[in-house]
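Because only heavy atoms are used, hydrogens play no part in the values below, and waters and symmetry mates are left out as well, while side chains stay in. Just so you know, ligand 1 is whichever comes first in the structure, and atom 1 is the first atom listed for that ligand. Quick note: residue numbers are just sequence positions, from 1.
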Amino acid sequence: MKLKYRVLGSILGLSFIGTCMYLLNTLPRIIEYTKPSPHIRKLIPRIVDTEAHFSALRKRLNKSNYTSDEFSPETVEGERAQPAGREVIKAHDQKPEKFSDDAVDDMLKKLGRTHPKMFDMEELRVTPYESVLWNIKKRNHKKGIYLPGYTDSENGGGGSANWEKYQRGINQYFMYEPDDPAVDGLMADMEQETVIDVEQKDGGTQLKLIITFQDEGQALFKPMRFPREVETLPNHFYFSDYERHYAEIGAFHLDRILAFYRVPPVAGRRFNMTYEIKRLADRKLAKTFFISPANNVCFHGSCSYYCDTGHAICGNPDTVEASLATFLPPEKIGRRKTWRNPWKRSYSKHRKAYWEVYDDLCDKVRTKPPYNNERRLQDLIDMHIFDFLTGNLDRHHYETFRDFGNVTFHMHLDNGRAFGKSHKDDLSILAPLYQCCVIRYSTFIKLSKFYLGPEKLSNSLRKSLNKDSLRPILLEPHLIALDRRVVLILKEIAKCLEKGIEVENVIVDDFF
Ligand SMILES: Nc1ncnc2c1ncn2[C@@H]1O[C@H](COP(=O)(O)OP(=O)(O)OP(=O)(O)O)[C@@H](O)[C@H]1O
Ligand SMILES: [Mn+2]
């Protein structure tokens with residue numbers, strides 16, 4: 001009898017353990033099946049929390065966090081692996097777009113009728129862009145001064161290297177003379193010159209290096225972190241976005257095409273990480289180099305946010321692409337003044353900036369120095385037009401050269417966060433334009449020329465960028481976005497004119 005109970009007990013015990021083991025094995029799959037569909041999840045955000053809970057459970061149960069065991073998490077057949085969770089430009093995204101707008105067409109026609117001398121649109125249509133620029137230059141025959149540090153003394157004034165010629169060419173109105181052959185020479189030098197020293201640049205949130213070349217020229221190095229297809233994470237604020245080397249290169253070329261001449265020359269270059277960086281780095285920087293599990297050379301340097309193993313810059317296997325922005329003159333020659341951008345964004349995820357809430361910032365800004373002088377408000381609006389074209393939200397400050405006083409150009413340094421979202425046109429970047437209802441005449445003419453064609457801004461930029469050794473610099477969706485954004489800028493001006501503001505007060509000719 002006793003034995004009977006013992007056998008029965010063992011059978012029951014064994015089947016209980018068996019059932020438990022079966023459940024442990026199948027529970028992850030049951031959870032997978034009972035997971036709400038993406039559609040439902042969108043409607044009930046709280047369920048997303050449940051998903052995190054499920055995932056934690058799954059982890060505990062079978063230590064696997066993959067949603068399906070059917071395929072490898074690394075690659076799905078026919079699809080290239082991409083950095084997890086990042087937006088990627090896809091080939092089918094490139095659908096043909098329409099680059100005209102009725103309101104803009106009406107505005108241009110009307111301007112041609114009411115102000116035929118200033119806005120001869122038929123003439124503009126048939127004039128090549130180069131000639132349009134030439135005509136603008138002829139009207140604006142101001143001759144600015146050069147940096148007194150170069151003209152008054154022997155301070156590095158006599159050198160014949162391209163970087164020295166470039167620095168001497170910086171003048172009150174432009175970062176460089178448009179037709180100065182030293183600029184193209186300097187870009188070629190940055191691509192080819194032997195590197196003799198590497199150091200980390202202090203300050204800033206992300207890693208930047210100062211590269212010194214054999215000819216003693218220097219450049220600011222920003223490395224490639226992601227392939228060009230990878231766009232800004234949709235849930236990331238602009239201030240936690242990574243800097244992109246191709247954005248620095250693209251922004252320089254765009255600035256030159258728009259004849260702003262406010263960005264120092266930038267060229268792309270491939271670096272051998274061991275020979276051209278680690279070998280020349282100081283101990284502190286060299287110590288941050290390592291070999292990744294994929295056998296690539298990586299390093300992270302030291303900085304306040306993105307300088308650790310998890311945010312390392314990795315070669316392929318020992319080569320990395322980077323942008324090189326030529327150095328501005330040293331402080332003792334080219335002292336700079338930093339200005340807060342009145343339309344700067346809030347750097348907090350909880351707060352909005354004044355101009356995002358109220359529409360009257362321009363009334364306050366335009367009456368006070370320096371924006372009450374002959375060019376600075378227009379310069380500020382140009383800067384925002386430039387940033388709107390490139391999609392750069394990160395323009396908290398800008399700089400000018402002190403020696404040039406207040407009637408001088410704004411430097412557009414640091415464009416690393418541009419070109420992050422090819423499909424999003426962030427109209428709020430144009431706030432100074434639509435809140436002030438002002439645009440510089442020459443900028444309006446250049447944009448109208450690209451609107452009228454036949455050469456579109458995307459074509460000009462594509463051609464220009466093809467000269468860079470890291471071509472292609474901008475993928476098609478980013479180029480196409482420019483043509484779309486030209487229309488949007490002109491549309492904002494059309495709205496200002498529709499409000500009944502005088503043409504002369506909207507399209508202001510300051511002869512710059
Ligand atoms: N071409 C240059 N030559 C000399 N100095 C430069 C040049 N470009 C930028 N700088 C200076 O270096 C500083 C840092 O560069 P950058 O603006 O690109 O990064 P940052 O905005 O300070 O850094 P982060 O975006 O990581 O916070 C700038 O504030 C500027 O004063
Ligand atoms: Mn920056």
(request) Please confirm whether the backbone N or O of Glu243 pairs with a side-chain atom of Gln206, one donor and one acceptor, at under 3.5 Å? (result) yes
(request) Using atom types as modelled and distance alone, determine if a side-chain donor or acceptor of Asp425 lies under 3.5 Å from a backbone N or O of Arg485. (result) no
(request) Answer side chain, backbone, both or neither: which part of Leu328 comes under 4.0 Å from ligand 1, heavy atoms only. (result) both
(request) From the options Lys208, Arg336, His412, select the one whose nearest heavy atom is closest to atom 10 (N) of ligand 1. (result) Arg336
(message) Using modelled atom types and a 3.5 Å cut-off, is there a donor and acceptor pairing between side-chain atoms of Arg225 and backbone atoms of His311?
(response) yes
(request) Please confirm whether His396 comes within less than 3.5 Å of ligand 1 when only nitrogen or oxygen atoms on both sides are compared. (result) no
(request) Validate the cation-pi geometry between Arg244 and Tyr242: distance from NZ or CZ to the six-membered ring centre under 6.0 Å, angle to the ring axis within 45°. (result) no
(message) Looking at ligand 1, is there an atom of it that comes within less than 4.0 Å of some heavy atom belonging to Glu399?
(response) yes
(message) I need the contact type for Thr338 against ligand 1. Using non-hydrogen atoms and a strict under-4.0 Å cut-off, is it side chain, backbone, both or neither?
(response) neither
(request) Answer yes or no: is there a donor N or O on one side and an acceptor on the other, between the side chain of Lys446 and the main chain of Leu258, under 3.5 Å? (result) yes
(request) Could you grab the angle centred on the Mn ion (ligand 2), going from OE2 in Glu243 to OD1 in Asp414, to 10°? (result) 70°
(request) Specify the protein heavy atom at minimum distance from atom 8 (N) of ligand 1: its residue, its atom name, and the distance to 0.1 Å. (result) Leu220 CD2, 3.5 Å
(message) Tell me the protein heavy atom at minimum distance from atom 1 (N) of ligand 1, and give that distance in Å.
(response) Thr326 O, 2.9 Å
(message) Please list, in number order, the atoms of ligand 1 under 4.0 Å from a heavy atom of Gln206.
(response) 26 (O)
(message) Tell me whether Lys201 reaches ligand 1 (any heavy atom closer than 4.0 angstrom to a ligand atom).
(response) yes
(message) If we ignore hydrogens and angles and just use 3.5 Å, is the side chain of Asn406 paired with the main-chain N or O of Pro369 as donor and acceptor?
(response) no
(message) I'd like to know if Gln218 contacts ligand 1, where contact means a heavy-atom distance under 4.0 Å to any ligand atom.
(response) no
(request) Establish, for the pair Lys142 and Phe511, whether the NZ or CZ atom is under 6.0 angstrom from the six-membered ring centre and no further than 45 degrees off its axis. (result) no
(message) My understanding is that only one of Phe512, Phe409, Tyr176, Phe252 makes a ring-ring contact (aromatic ring centres under 6.0 Å, His included) with Tyr261; could you say which?
(response) Tyr176
(request) Examine Asp394 and say whether one of its N/O/S atoms is closer to the Mn ion (ligand 2) than 2.8 Å. (result) no
(request) Compare every heavy atom of His412 with every heavy atom of Asn415, then report the nearest pair and how far apart it is. (result) ND2-O, 3.1 Å
(message) Can you name the atoms of ligand 1, numbered from 1 with element, that are less than 4.0 Å from a heavy atom of Glu243?
(response) 25 (O)
(request) Return the residue, atom name and 0.1 Å-rounded distance of the protein heavy atom closest to atom 17 (O) of ligand 1. (result) Asp414 CB, 3.0 Å
(request) Tell me which part of Lys222 gets within contact of ligand 1: side chain, backbone, both or neither, using heavy atoms under 4.0 Å. (result) side chain
(message) Starting from atom 22 (O) of ligand 1, what is the nearest protein heavy atom, named by residue and atom, and what distance separates them?
(response) Gly204 CA, 3.8 Å
(message) Is it true that, when you exclude Asp360 itself, more than 12 heavy atoms of the residues, nucleotides or ligands shown sit nearer than 6.0 Å to its CG?
(response) yes
